[in-house]
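Below: the structure, in C-alpha cells.
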There are 2 protein chains.
Amino acid sequence: MDHGQDLKSTIKRIAVEQFNRNGYHGTTIRTIAKEAECSLPMVYYYFSSKKDLFHEIIRKDYFHILDREAQKLKTTNILDFYTDFIVNVMNLDEHDRMVYRLGVKVYLSFDGDEDLLAVMEAWEASIVPRHYQLILPHLKDASNPKARVRTLMHLLENLIERVVVKNQTLVEQEIREELSIVLGL
Amino acid sequence: MDHGQDLKSTIKRIAVEQFNRNGYHGTTIRTIAKEAECSLPMVYYYFSSKKDLFHEIIRKDYFHILDREAQKLKTTNILDFYTDFIVNVMNLDEHDRMVYRLGVKVYLSFDGDEDLLAVMEAWEASIVPRHYQLILPHLKDASNPKARVRTLMHLLENLIERVVVKNQTLVEQEIREELSIVLGL
DNA sequence: GTATATATCTAACGTACGTTAGGTTACAAA
DNA sequence: TTTGTAACCTAACGTACGTTAGATATATAC
C-alpha cells in the first residue's frame with residue numbers, strides 16, 4: 001500500500017505518452033515500467049495485458065473526454081456552439097490531447113483492433129443524427145441545408161485533427177469564419 | 001535471374017499491404033517474405049533494411065502518385081478542378097490508395113520518422129501558396145476570400161482522408177455541393 | 001569449359017518482446 | 001502474535017524480431 005492507485009495512474013499516464021509517440025507495437029511494457037520507475041510486473045499487477053491497458057485508455061479515458069466536452073457546451077447559438085467546441089478541445093491539457101489523439105488514431109484504424117473501432121463507429125452513428133437535429137432548424141433560409149451539415153461535420157473533423165493530431169494552434173476568429181462560411185451565416 | 005525486378009516489386013507490393021494493415025512496427029520482414037513467397041534474406045537483397053523499404057515506398061511511390069494526380073488536372077473551372085481531384089483519388093486502384101493511406105499516416109506522424117515528416121511538410125509548404133494563387137482570382141466577389149481558401153483546404157484534406165484512410169465512397173454530386181458551399185459559388 | 005555475376009537459399013546470430021512464476025516486504029486485522 | 005493481503009520485486013520462460021554469414025544454383029561471357 002505504498003502508493004496504491006497512484007502507481008496505476010502513473011503507469012497509464014506514461015503509457016498514453018508512449019502509445020502516442022511510438023504507437024501500440026512500438027511501445028513496450030519494459031519502457032513503460034522504466035519511465036514509470038517501477039518494475040516490469042507491476043504493469044501486469046494493474047493491467048492484465050498490454051492490450052487491456054490500451055483498451056482501458058480508449059474505452060474509459062477517451063470516451064470520458066468526449067462526454068465531458070459535449071456536456072460543457074450550451075446550445076444558445078449554433079456558431080458559438082461549434083466554435084466553443086473546437087476552442088475547448090484546443091484548451092485541453094496535454095495529457096487529454098494525447099488521449100484524444102490516440103482515439104483519433106483508432107478511429108482512422110491506424111491502431112487498435114476491430115473491437116475498439118466498432119465501439120467508435122457505434123458512437124459516431126449515434127452522434128451524426130444529433131448534429132442534423134441541432135443544426136437544420138437554424139438553416140431554414142440557407143440553400144442546400146443537408147449539404148451544409150455534411151460539410152460542417154467534415155470541417156469539424158479536420159479542425160479537431162489539426163488541433164489534437166498535428167498539435168496546431170488555431171485562432172478562434174478564424175475558426176468562427178470557417179464555420180460561418182459553411183453554415184452560410 | 002529467375003524473376004529479377006519482378007520479385008522486388010512483389011516484395012514492395014506485399015510490404016505496402018502489410019504496413020497498411022499492421023503499421024510499421026507491426027509488420028515483420030518474415031511475414032513479408034512469406035506472403036511474397038520468397039525467403040527472408042531476399043528482402044534484404046533488394047532493400048537494405050526494413051526502414052529503407054518503408055522510405056522507398058513513401059519517397060518514391062507516394063510522391064509519384066501526388067505528382068501524377070496533380071498533372072492530370074485541367075485548370076478550366078475551379079469547382080471541376082477540385083471535384084475531379086477528389087474523384088480521381090477515389091478511382092485510384094487499391095494499391096495506390098494504400099500507398100496514399102501510408103503517406104497520410106506519415107503526414108499525421110502516426111508512422112515513419114522525422115525525416116519523412118520533414119519531406120512532407122516541405123511539400124505542403126510549397127503547395128499551399130499555389131492553392132491561394134489558383135483560387136483567389138475566382139473569389140473576387142465572394143466575402144472573406146482568404147478564409148474560403150483556408151476552409152477549402154481543410155475540407156479537401158478531410159475528403160481525401162475519408163477516401164483513402166476510411167475507404168469511404170463519396171458521391172461526385174455531393175462532393176461538388178460541399179466545395180460549392182465553401183467557395184460561395 | 002572455366003570464370004563471373006545474379007538470384008536465390010538454409011541457418012544462425014544477438015537482442016528484445018509479452019508474459020509468468022515465485023518470492024519479499026509492510027501493514028492491518030484477528 | 002500470528003495471519004492475511006496488498007504492493008512490490010528479481011529472474012526467467014518461450015517466442016519472435018532485424019539482420020547477416022555463407023552456401024548453392026543458374027545463366028551469361030570469355
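Note on naming: letters A, B, ... go to the chains in the order of the sequence lines (proteins, then strands), and numbering restarts at 1 for each one.
- Distance B/Met42 CE to C/dT8 C1': 5 Å, rounded to the nearest Å.
- When side chains are defined from C-beta on, B/His25 does not count as touching A/Tyr24, because their heavy atoms never get closer than 4.5 Å.
- Both cation-pi conditions hold for B/Lys166 and A/Tyr107: the charged atom is under 6.0 angstrom from the six-membered ring centre and inside a 45 degree cone around its axis.
- A/Phe47 carries A/Lys8 over the face of its six-membered ring, with the cationic atom under 6.0 Å from the centre and within 45° of the normal.
- Outside the 6.0 Å centre-distance limit, the rings of A/Phe81 and A/His138 are not counted as a close aromatic pair.
- For A/Phe54 and C/dT19, the CZ to P distance is 14 Å, given to the nearest whole Å.
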Do any N or O atoms of the protein come closer than 3.5 Å to N or O atoms of nucleotides 16-18 of chain D, and which pairs are they?
unit_1 : atom_1 : unit_2  : atom_2 : d
D/dG18 : OP1    : B/Thr27 : O      : 3.2
D/dG18 : OP1    : B/Lys50 : NZ     : 2.7
D/dG18 : OP2    : B/Ile29 : N      : 3.1
D/dG18 : N7     : B/Arg30 : NH1    : 2.7
D/dG18 : O6     : B/Arg30 : NH2    : 2.8

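- Under a 3.5 Å cut-off, the side chain of B/Arg97 and the backbone N or O of B/Val164 do not form any donor-acceptor pair.
- In this structure, A/Glu178 CD and A/Leu152 CG are separated by 11.0 Å, a value rounded to the nearest 0.5 Å.
- OP1 or OP2 of C/dT8 has at least one side-chain nitrogen or oxygen of B/Tyr46 nearer than 4.0 Å.
- Side-chain N/O atoms of B/Tyr45 include one lying less than 4.0 angstrom from OP1 or OP2 on C/dA7.
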